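These notes are about the structure you will find just below.
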Amino acid sequence: MDYTGLSEQEVLRREALAKMKELGIDAYPASEYPVNIYTTDILEQFKDEDLSENLKNICISGRIMSRRIMGNASFTELQDSKGRIQLYFKRDDICPEEDKTMYNVVLKKLLDIGDIIGVKGYAFRTQMGEISVHVTEFTVLSKSLRPLPIVKEKDGQVYDAFTDPEMRYRQRYVDLIVNPQVRDTFIKRTKIINTMREFFNEQGYLEVETPILQSIPGGAAARPFITHHNALNIPLYLRIANELYLKRLIVGGFEGVYEFAKDFRNEGMDRTHNPEFTVLEIYVAYKDYKWMMNFTEEMIERVAIALHGTTEVQLGDKVIDYKRPFKRVTMYDAIKEHTGFDISGKSEDELRQICKELNIETDKSMGKGKLIDEIFGEKCEHHYIQPTFIIDYPVEMSPLTKKHRSVEGLTERFELMINGKELANAYSELNDPIDQRERFEEQMKLSAKGDDEAMFIDQDFLRALEYGMPPNSGMGIGIDRLTMFMTNSPSIQDVLFFPQMRPEKRLETVDESIFVEIGIDQEWAKVLIKTGIESVKALKEANPNKLHQSICGYNKKNKLGLTNPSQDDVKSWIEK
RNA sequence: GAUUGAUUAGCUCAGCCGGUAGAGCACUUGCCUUUUAAGCAAGGGGUCCGGGGUUCGAAUCCCCGAUCAAUCACCA
């Protein structure tokens, strides 16, 4: 067996595995292991005076998280999907016969932290007072070949925590094994989605699926990812929103449709942005944005209570109260309050002047809507810590939104702000096909001015509207951000199992055969790679004397016992 | 993209003015038993991120590069 390149501990574990095989133990058995209880149930149900039947015949499985091995009695901690419990092994109970191999060899020498085992036994309390399982029989279910980071904890104090963000995100499986609170966050995430889904289903709304590959990426202002379909020989885009497809379904006659959707945006990545992210969008016929505000706050309050049993949720050093009703502030009032400027009825030039006075940078590509958006984003957004609906947005920044029923130049739109961030966005949906066509054309003009996020015209969507779409209201909410708020996670990477990362650099992908092919012994080819010569080209450029020194040194240092080549031999390799 | 910081044992991290690479846990060996993050004792383990430079001598100082993080910029 070739163990070069492995750490000492990895070698030891492979040797232990080989030893198990010699003893006739299959370290990766195929058959089902008949678990009948979880660790947490044992801890909950245990009573000292009267051991219930199911605690007398326990069968559990999980991962060994710590070991305290002694002469003829040992303790380990077993972690299953719910929690942990201590196991007690006594030699003469494990091995009642003469042969003590299972205890002395398998348990004491061949098992490691990280191995997955199944145990049978009964519950009891140790002299130290800890509820434990007295093991009568154990089975190896999976041998772990890599050492886990060891995190220890006492009285809530954590020692040697596994905290390096890069390792945690790249190897989320390790993070989940050793950091129990991580599992919790993701269980909460699923609970958020389930709570919302139940809420929608109760109203009779239909969960649907719409295309991710779209030939026109619509419904939002963002840069898309582009891909190519071979059979059709056309470019396709990964969706940036599902709005236009869901509205087609409203045209088709459904009363309410919703989709938990992965969207993709080819933009920057940071603490609150991942290139792929999850959004819930819902559209309900015959409703307007006022109805949707009530619906949204009811949904969010319900999520908070489902998760925490209360509407008050800790977020960093603040407490957010999700109790209904949320505050409602018009965008113009928000700007007036935080800047002193009344922007109603102002022209583009006047707005540009206001931006200048407020020290907000502008450029020529910005239209009225974008300018107002900048003012709000710069001066107002961060003030809204507690849930607040910002309502009535300018028409220029809302090309899919119905015009306001009573105020000229505005639309029936709200965004929900929490902790100074946008969480949800909703409108009374624009269903006037002629108005919609004009709005798209406005977007085209913005695009011509240089706004690379302006929307494309989706002719099929307009055709659908021309058949007649019932008035309806739609709402979109970022599930990742909602999860961040609800789980007190400072970064989007903490609420995604596998956040996008730069691809990992692979080390030692070089194969020694490239050197064998030019006539170098396999053993020495390996040594070349070890000493950093990873290509024939690198070999050609090497200094023969230096190379001779380094490979002979490697041979000696690692006690490979190879016969050193002569300097001339090495020179001949280089000349090949 | 900018700035700042980081990169040392399987893990968490020390390492001063440049002078023999360290600790705790993990691992190995032995002893011990109902132990409590940690029983006792001994031991093994390093490409100090990579490459150049300065120097008698570099983990340490300088330059270039890689990766990561934080902040900012970008981002309905």
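Treat the numbers as computed from the prediction; the structure is a model and nothing was measured. For the numbers below, each heavy atom of this structure counts, side chains included, while hydrogens, waters and symmetry mates do not.
Closest to the side chain of A:Gln9, from the set B:A26, B:U36, B:C68, is B:A26. With B:G10, B:U34, B:U33 as the choices, the nucleotide that has an atom nearest any side-chain atom of A:Pro147 turns out to be B:G10. Side chain of A:Ala73, nearest nucleotide from B:A26, B:U33, B:U28: B:U33. Set against B:U67, B:C11, B:C75, the side chain of A:Pro149 has B:C11 as its closest nucleotide. Counting only heavy atoms from C-beta on, A:Pro165 has its side chain closest to B:A69 among B:C75, B:A69, B:U35.
Between A:Tyr289 and A:Tyr427, the ring centre distance reaches or exceeds 6.0 Å. Close placement of the A:Phe89 and A:Phe138 rings is indicated, their centers lying within 6.0 Å of each other.
Comparing A:Asp164 and A:Leu111 against RNA chain B, the residue whose closest nucleotide sits nearer the 5' end is A:Asp164. Positionally, the nearest nucleotide of RNA chain B for A:Ser491 lies more toward the 5' end than for the other of A:Ser491 and A:Met397.
Taking atom P on both B:G18 and B:C61, the two are 7 Å apart, rounded to the nearest angstrom. Rounded to a whole angstrom, the distance from the C1' atom of B:U12 to that of B:G57 is 31 Å. Rounded to a whole angstrom, the distance from the P atom of B:G51 to that of B:A69 is 24 Å. Atom P of B:G10 sits at a distance of 15 Å from the matching atom of B:U28, rounded to the whole Å. Comparing the P positions of B:A2 and B:C64 gives an interatomic distance of 13 Å, to the nearest angstrom. Comparing the same atom, C1', in B:A23 and in B:C75 gives a spacing of 45 Å after rounding to whole Å. The C1' atoms of B:A9 and B:G22 are separated by 10 Å, rounded to the nearest whole Å.
Here A:Met65 lies out of heavy-atom contact (under 4.0 Å) with every strand. When heavy atoms are screened at a 4.0 angstrom cut-off, A:Asp373 is found touching no nucleic acid atom at all. At a threshold of 4.0 angstrom between heavy atoms, the contacts of A:Gly219 include nucleobase atoms, whether or not backbone atoms are also involved.
An anti orientation is assigned to B:C63, its glycosidic angle lying beyond 90° of 0.
Of the possible donor and acceptor atoms, one in the side chain of A:Asp80 sits under 3.5 Å from a partner among the backbone N and O of A:Gly83. Looking at A:Thr330, its side chain never comes within 3.5 Å of a backbone N or O of A:Asp392 through a donor-acceptor pair.
Across the protein-nucleic acid pair, A:Arg271 atom CZ and B:A70 atom C1' stand 9 Å apart, rounded to whole Å. Distance, A:Leu148 CG to B:A26 C1': 11 Å, rounded to whole Å. Atoms CG (A:Leu78) and P (B:U35) sit 20 Å apart, rounded to a whole Å.
Contact annotation: A:Arg68 does not reach the phosphate of B:U33 (side-chain N/O to OP1 or OP2, under 4.0 Å). Dashed line: the shortest gap from a side-chain N or O of A:Lys109 to OP1 or OP2 of B:G30 is under 4.0 Å.
One N or O donor and one acceptor, one from the side chain of A:Gln86 and one from the base of B:U35, sit under 3.5 Å apart. In terms of polar N and O atoms assigned as donor or acceptor, the side chain of A:Asp112 never comes within less than 3.5 Å of the base of B:C27 in a complementary pairing. With hydrogens and angles left out, the side chain of A:Ser132 and the base of B:U34 share no donor-acceptor pair within 3.5 Å.
In this model, a donor atom of one side chain and an acceptor atom of the other lie less than 3.5 Å apart for A:His338 and A:Tyr384.
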**Prompt:** Where do A:Tyr258 and A:Glu281 land on the side-chain contact (heavy atoms from CB on, under 4.5 Å) test, with the steps shown first?
**Reply:** CA-CA 6 Å; A:Tyr258 69 93; A:Glu281 286 194 37; over 6 Å; no
